[in-house]
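Any value given below was found using the heavy atoms of this structure, including those in side chains, with hydrogens, waters and symmetry copies removed.
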Amino acid sequence: MDSSSVRNDKRAVSGKNKRTLLGVIFLHGLNDMHSTALPTVIPMLAQSISLTLSQAGFLNALFGITNLFGQPVSGYVADKLKRPWLAVWGPLLSVSGAALLPLSPSYGAAFIFVGMMSAGTALFHPQGTGRCGAAAGGGALAFYLSLFQASGTFGSAIGPIYVVFMISILGKPGFPAAIIPAVALLCLYIWRQMGASAEEKVRDMESSPRPHFFENLRYLVSKVGWIVSITSVRDAVFQSIKIFLPMLLITRGSSIAAGGMTLFAVTLSATLAGIAGGKLADMIGDEKVLLWALAIAPFFLIVGLHDSSFFCLLSLMAGFAFLQASTPVTTAMAQRRCPDSRSMVSSLSNGVSWGIANLFVTPVGIIADAVGLQATLNVVAFLPWTVALWYGGRKLIKRRRG
């Protein structure tokens, strides 16, 4: 289906679909606020069960691998469900695992609780993103997807502070005793409000989903594989700079607190930019926003990585903002191309690319040890240009052939 025709669909969002949108947007923030608990809890586990750094690294790898492989399967199942089983109850599993994790009596128990967190996240995201897209329709698809993703980004930003605050107020045993029943009741209320599928039959559906997982996977990769490639590069740049930025600042003499504040600032700018990018995409077109965002971002990233001045911080915030502005755009592009498999295609454009990006961080660290962190991140900051040049060339060739 032509994406421009979908974008021009200005049908108003119904009351039922608004409830669905509000439900999945809220649940995304709730889920990601708890799924970011692991880095905060690791020091607690190091004291209580003598958790080693290698064990902590394996717990983090469990989270990434579960989402990398679990989200496509979850998306495939979600596309066959009329009711939002995974979108509503997945966050409860994440919250339960996060709340119980500080109480882990052993590494095996910690492994189980992190497994609950990662499984809940893998269950929620494909159907949550798919339901958001189906409820939004064509006229404001990118905008509502941007609100969905902004909620998750904001939840991730405040998650570590929230977990420490709750444990300090309620104590380790009191945290799960208070939060799990409260979230269960909240999920039940949202479940009743959302009801059945946002659209019993997606009006712009091109065909029914393929009956077998791998058959459907091959079809979707043929349709949106190039979008997944773009999102993987973009997310790899975002993750690599974000993870190593505090260390870069410390090597220049900044404090750990300054590194944390810098991360919060760039995360906040990215959150707001995602909303702006989604709204702009619905107005002028997905591909224009995507191309220009990826083309402009490196200018600000390279300047922002230069030193620790306030001007460079503002430049870094702008670079992260342009990167994030394209995130709801690529999700909307994928859903518009495969409206009958919104959940599974969202798992590819979001979950798989996020998993690949996290794997990309490892070679970045190895190279940084060999040639230096500053030089390595400078090269990473240039990577969006490779995607922009490839994408622009692809469009130019297609236009000439047409």
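- Aromatic ring centres of W385 and F299: separated by under 6.0 Å.
- A donor-acceptor pair shorter than 3.5 Å can be found between the side chains of T330 and R234.
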Exercise. Under the salt bridge (Lys or Arg N to Asp or Glu O under 4.0 Å) criterion, do D340 and K223 qualify, and how do the steps go?
Worked result: CA-CA 12 Å; D340 57 328; K223 297 277 284 186; over 6 Å; no
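- For T251 (side chain) and L248 (main-chain N/O), a donor-acceptor pair under 3.5 Å exists by modelled atom type.
- Residues N67 and Q71 bring a donor and an acceptor atom of their side chains to less than 3.5 Å of each other.
- To the nearest 0.5 Å, the span separating CG on N17 from OH on Y144 amounts to 10.0 Å.
- Checked by atom type and distance alone, the side chain of S269 pairs as donor or acceptor with a backbone atom of M317 at under 3.5 Å.
- The main-chain N or O of I356 is never found under 3.5 Å from a side-chain atom of S232 such that the two would form a donor-acceptor pair.
- In terms of modelled atom types and a separation under 3.5 Å, the side chain of D235 and the main chain of A357 share no donor-acceptor contact.
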Exercise. Are S353 and L348 close enough, and set up right, to give a side chain to side chain contact (heavy atoms under 4.5 Å, CB included), and what steps lead you there?
Worked result: CA-CA 7 Å; S353 64; L348 297 178; over 6 Å; no
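- The aromatic rings of Y76 and F213 sit perpendicular to each other, their planes meeting at more than 60°, with 30° as the lower class boundary.
- Checked by atom type and distance alone, the side chain of H34 pairs as donor or acceptor with a backbone atom of L30 at under 3.5 Å.
- Ring-plane geometry between H28 and F124 is classed as tilted, the angle between the planes lying from 30 to 60 degrees on a 0 to 90 degree scale.
- Judged purely by distance below 3.5 Å, without hydrogens or angles, the side chains of T129 and R342 never pair a donor atom with an acceptor atom.
- Using a distance-only test at 3.5 Å, with no hydrogens or angles considered, a donor-acceptor pair links the side chain of Q127 to the main chain of A87.
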Problem set entry | side chain to side chain contact (heavy atoms under 4.5 Å, CB included) between C132 and T20, intermediate numbers included | CA-CA 7 Å; C132 182; T20 296; over 6 Å; no
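- Atom CG in L383 sits 5.5 Å away from atom CZ in F360 (nearest 0.5 Å).
- The backbone N or O of S146 lies less than 3.5 Å from no partner atom in the side chain of Q149, so there is not a single donor-acceptor pair.
- Atom-to-atom distance recorded for L377:CG and L305:CG is 6.0 Å, nearest 0.5 angstrom.
- Across every non-hydrogen atom of F143 and D282, the tightest pair is N-OD2, 2.8 Å.
- The OG atom of S347 sits 8.5 Å away from atom CG of N350, with the distance rounded to the nearest 0.5 Å.
- With hydrogens and angles ignored, the 3.5 Å screen pairs a side-chain donor or acceptor of S309 with a backbone N or O of C312.
- Side-chain contact between M344 and K80 is absent, with no heavy-atom pair separated by less than 4.5 Å.
- The main-chain N or O of L123 is found under 3.5 Å from a side-chain atom of S74 such that the two form a donor-acceptor pair.
- Summarising the geometry, atom CG belonging to L313 is positioned 10.5 Å from atom CG belonging to D307; distances are rounded to the nearest 0.5 Å.
- Side-chain contact check for Q324 and T271: no donor-acceptor pair (N or O, by modelled atom type) lies under 3.5 Å.
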For this session: Determine, step by step, whether F311 and V303 satisfy the side chain to side chain contact (heavy atoms under 4.5 Å, CB included) criterion, reporting the C-alpha distance in whole Å, the side-chain angles of both residues, the deciding distance to 0.1 Å, and the verdict.
Result: CA-CA 9 Å; F311 173 77; V303 172; 3.8 Å; yes
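- The closest donor-acceptor contact from the side chain of T36 to the backbone of D32 lies under 3.5 Å.
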